[in-house]
There are 2 protein chains.
Amino acid sequence: MVIVEVLKALADETRIRILNVLYKETLCVCDLEEILKLNQSNASRHLTKLKNAKLITGTKQAQWVYYRVNEKILEEYSFVNELLKKELDKIPQCQKDVARLKKYKERGGSCEKNVRIDDN
Amino acid sequence: MVIVEVLKALADETRIRILNVLYKETLCVCDLEEILKLNQSNASRHLTKLKNAKLITGTKQAQWVYYRVNEKILEEYSFVNELLKKELDKIPQCQKDVARLKKYKERGGSCEKNVRIDDN
DNA sequence: AAAGTATATGATTAAAATCGAATATAGTAA
DNA sequence: TTACTATATTCGATTTTAATCATATACTTT
């Protein structure tokens, strides 16, 4: 059951948080590490699970891999679209993550630069 | 994260199958056992998980507990509504289960009667 | 070519989840 | 009251999942 594989990929807090920020902006693994304070290998592993469920797509550019939400699956499964569009913004943790994303961007955060959000 | 608890409850094939038939009709545990060929304790446990996630409601009547989809959560979370309304009918296994539900009803299946679907 | 950086993967551990058999609990029938 | 039925819960075994550290792989810089 493909649907259940998609639901399994969605049924994890960290992956929901990842999807939330990737829905707003294309980011690479190290971006996500900084914004969401994820361990590198854990970030990579979660991204792989989302990619395997076709929820995100990855594009390699030099040594960086940029991930973004896969628009095709939003068309195919309207419930995923509803979830991303209507529900994630209501979650306090996700709101915090979006704020961190903005702060990261304001500081010129990107893969090529080693930008920190937290000042300690 | 409440949403993740809901998603976790949804992220299981057996529970999807249960939701599919409960979306069509109120049923008790023993109904579900026969229609979906579930082990009694497993059926009960899955129903408990769905109930804890507020996806279904249970009503006790004598020794029987009747379960149905919780309409309130469909209003609260439109993505669940989309999933139940748009996706489950597309799943072959779910289609089979609905056929079994009909057959069960045609044979007068209910809690008070010991109705079998499979003739062996 | 060696060193450095980004990311995926292997290994390991701990926690969570699943399942069937057995049993406890609650309600009904005899 | 005892026997029966429906359902929830316990128990034990197994599987799955999540996380971190270490390492492999791929690309860039020196």
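The sequence lines fix the lettering, A, B, ..., with proteins before strands; numbering per chain opens at 1. Atom set for the values below is all heavy atoms of this structure, side chains included, hydrogens, waters and symmetry mates excluded. The shown structure was predicted, so the numbers you read here are calculated from the model rather than taken from an experiment.
If you check D:dT20, C:dG20, C:dT28 against the side chain of A:Asn42, the one that comes closest is D:dT20. Which of D:dT7, D:dT9, C:dA8 sits closest to the side chain of B:Thr48 comes down to D:dT9. Residue A:Arg45 has its side chain nearest to D:dC21 when only D:dC21, D:dA8, C:dA6 are considered.
Place B:Trp64 and A:Lys60 on DNA chain D by their nearest nucleotides, and B:Trp64 ends up nearer the 5' end.
Taking side-chain N and O atoms only, A:Tyr67 has a distance below 4.0 Å to OP1 or OP2 of C:dA8. Phosphate contact (OP1/OP2 of C:dC19, side-chain N/O of B:His46, threshold under 4.0 Å): present. At D:dA8, one or more side-chain N or O atoms of B:Ser44 fall inside 4.0 Å of OP1 or OP2 (strictly under the cut-off).
Donor-acceptor pairing under 3.5 Å, judged by distance alone, is present between the side chain of B:Ser41 and the base of C:dA21. On a pure distance criterion of 3.5 Å, no polar donor-acceptor pair joins the side chain of A:Gln40 and the base of C:dA6.
Taking NZ of B:Lys37 as the reference point, atom CG of B:Asp97 lies at 12.0 Å (rounded to 0.5 Å). Note that SG of B:Cys28 is 15.0 Å distant from CZ of B:Arg68, once rounded to the nearest 0.5 Å.
Residues from residues 6-17 of chain A that place a heavy atom under 4.0 Å from any atom of DNA chain C: there are none. Within residues 26-34 of chain A, the residues that have a heavy atom under 4.0 Å from DNA chain C are, in order of number, A:Cys28, A:Val29, A:Cys30.
Partners of A:Thr57 by side chain to side chain donor-acceptor pair (under 3.5 Å), not counting sequence neighbours: none found.
When rounded to the nearest whole Å, the span between CD1 of A:Ile18 and C1' of D:dA19 equals 13 Å. Rounded to whole angstrom, the span from the NZ atom of A:Lys51 across to the P atom of C:dT7 amounts to 12 Å.
One finds a salt bridge joining B:Arg100 and B:Asp118 here, because a Lys/Arg side-chain nitrogen approaches an Asp/Glu carboxylate oxygen to under 4.0 Å. Taking the charged nitrogens against the carboxylate oxygens, B:Lys105 and B:Glu25 do have a contact shorter than 4.0 Å, which makes a salt bridge.
Residue A:Lys49 is classed as a sugar-phosphate contact, given heavy-atom separations below 4.0 Å to backbone atoms only. Nucleic acid contact class of A:Tyr66 (heavy atoms, under 4.0 Å, all strands): none.
Counting non-hydrogen atoms of other residues, nucleotides and ligands closer than 6.0 Å to NZ of A:Lys102 gives a total of 12 or fewer. Counted within 6.0 Å of NZ on B:Lys72, heavy atoms from surrounding residues, nucleotides or ligands total 12 or fewer; the atom is thus considered open.
Screening B:Leu74, B:Leu19, B:Leu10 for a side-chain contact (heavy atoms from CB on, under 4.5 Å) with B:Leu83, the sole residue that qualifies is B:Leu10.
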